[in-house]
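No hydrogens, no waters, no symmetry mates; every other heavy atom, side chains included, goes into these values.
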Amino acid sequence: DDRVNVLVFEDSLKMVDAAFSENKITKLDKDEDVGVVTVAYRPYKFVGPTKEIEIPIKSMDTISVYGNDVNLNESSLTYDYIDLKPEEIKEGTIMGTAKISERQTEKTVALVSTVNVQETILKTHLLSYILIAFFTLILLLTLLLTSIKKRRRKMERKRRMEAGRRNKKY
């Protein structure tokens with residue numbers, strides 16, 4: 001009876017050794033480009049057309065499975081993305097998760113952006129931002145100068161009226 005138990009133990013040990021000697025297959029590498037997410041934005045906040053920017057996504061860690069028949073045939077890798085505003089996306093911002101599902105286990109890895117969206121938008125539209133600031137400054141200076149001229153004319157007219165009244169003899 002003890003011989004049977006020893007054989008069972010040796011068989012179990014062989015199975016465990018075989019499982020540990022099995023090589024892992026990488027389903028998703030660390031820093032691997034997973035895909036591209038498209039985000040809509042307005043270059044002038046509230047006014048103007050809506051434009052789109054493509055954000056490359058990469059994985060933060062590696063997902064690997066053992067190369068047995070069950071894992072190769074039944075595992076599925078899915079990507080879930082989070083909806084974020086362009087202002088919230090910086091380099092390294094978590095944009096979603098990659099999940100590998102096997103029979104009874106799930107492994108997840110965060111997916112991160114590789115660009116700073118605000119910097120990209122600024123670089124893309126820098127010339128138009130400078131032109132808008134320049135024309136706004138010119139408009140403000142023009143309004144300021146015209147109001148100063150109107151005030152001077154009004155004051156000169158008032159002085160002439162006062163001088164005319166003083167010189168008038170009743």
When you look at Glu119 and Glu91, which way does the side chain to side chain contact (heavy atoms under 4.5 Å, CB included) test go after all the steps? CA-CA 10 Å; Glu119 287 180 7; Glu91 189 172 348; over 6 Å; no

In Å, rounded to the nearest 0.5 Å, how long is the span from [atom1] of [X] to [atom2] of [Y]?
{"X": "His125", "Y": "Thr120", "atom1": "NE2", "atom2": "OG1", "answer": "10.0 Å"}
{"X": "Ser59", "Y": "Leu28", "atom1": "OG", "atom2": "CG", "answer": "4.0 Å"}
{"X": "Leu143", "Y": "Ile138", "atom1": "CG", "atom2": "CD1", "answer": "12.0 Å"}
{"X": "Leu144", "Y": "Lys149", "atom1": "CG", "atom2": "NZ", "answer": "11.5 Å"}
{"X": "Leu139", "Y": "Leu141", "atom1": "CG", "atom2": "CG", "answer": "9.0 Å"}
{"X": "Thr146", "Y": "Arg151", "atom1": "OG1", "atom2": "CZ", "answer": "11.5 Å"}

Taking all atoms of both residues into account, what is the closest heavy-atom pair of Ser113 and Ile89, and its distance?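 Answer, listing the atom of Ser113 first, then Ile89: OG-CG2, 3.7 Å.
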
Smallest separation among heavy atoms of Pro49 and Pro43, with atom names: O-CD, 3.4 Å

Heavy-atom distance under 4.5 Å between the side chains of [X] and [Y], does that happen here?
{"X": "Pro56", "Y": "Val115", "value": "yes"}
{"X": "Leu77", "Y": "Ile63", "value": "yes"}
{"X": "Ile57", "Y": "Thr114", "value": "no"}
{"X": "Lys123", "Y": "Gln118", "value": "no"}
{"X": "Tyr129", "Y": "Ile121", "value": "yes"}
{"X": "Ile55", "Y": "Val117", "value": "yes"}
{"X": "Thr97", "Y": "Leu111", "value": "no"}
{"X": "Tyr41", "Y": "Glu52", "value": "no"}

Give me the ring orientation class for Tyr79 and Tyr81: parallel if the planes are under 30° apart, tilted from 30 to 60°, perpendicular past 60°.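 Plane angle under 30°, so parallel.
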
Treating [X] as the side-chain partner and [Y] as the backbone partner, does any N or O pair qualify as donor plus acceptor under 3.5 Å?
{"X": "Arg42", "Y": "Thr50", "answer": "no"}
{"X": "Thr108", "Y": "Lys99", "answer": "no"}
{"X": "Thr105", "Y": "Glu102", "answer": "no"}

Residues in salt bridge (charged side-chain N to carboxylate O under 4.0 Å, His left out) contact with Glu106, at least two apart in sequence or another chain: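 For Glu106, no residue satisfies salt bridge (charged side-chain N to carboxylate O under 4.0 Å, His left out) once neighbours in sequence are set aside.
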
Just jot down the salt bridge (charged side-chain N to carboxylate O under 4.0 Å, His left out) partners of Lys58, sequence neighbours excluded, or say none. Asp31

Cluster check Ile53, Val36: I/L/V/M/F/W/Y, side chain < 4.5 angstrom: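 No, it is not one cluster - the side chains of Ile53 and Val36 are not joined through contacts under 4.5 Å.
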
Count I, L, V, M, F, W, Y as connected when their side-chain heavy atoms are under 4.5 Å apart, and connections chain through other members. Are Leu126 and Ile132 then in the same cluster? yes

Output every pair passing salt bridge (Lys or Arg N to Asp or Glu O under 4.0 Å) with a member in residues 155-164, not counting sequence neighbours, ordered by first then second residue.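 Counting only pairs at least two positions apart or across chains, the salt bridge (Lys or Arg N to Asp or Glu O under 4.0 Å) contacts touching residues 155-164 are Glu162-Arg165.
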
Could you walk me through whether Val37 and Glu54 pass the side chain to side chain contact (heavy atoms under 4.5 Å, CB included) test, one step at a time? CA-CA 6 Å; Val37 174; Glu54 292 184 343; over 6 Å; no

So among Lys27, Lys30, Glu32, which one has a side chain to side chain contact (heavy atoms under 4.5 Å, CB included) with Thr62?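 That would be Lys30; it is the only one of Lys27, Lys30, Glu32 passing the side chain to side chain contact (heavy atoms under 4.5 Å, CB included) with Thr62.
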
Return the set of residues passing side-chain contact (heavy atoms from CB on, under 4.5 Å) with Lys90 (not counting sequence neighbours), or none when no residue passes. Thr93, Asn116

Give the other cluster members for Leu140, using side-chain heavy-atom distances under 4.5 Å between Ile, Leu, Val, Met, Phe, Trp and Tyr residues; answer none if it is isolated. none

Restricting to side-chain hydrogen bond (donor to acceptor under 3.5 Å, both in side chains), what partner residues turn up for Ser128, sequence neighbours left out? Tyr44

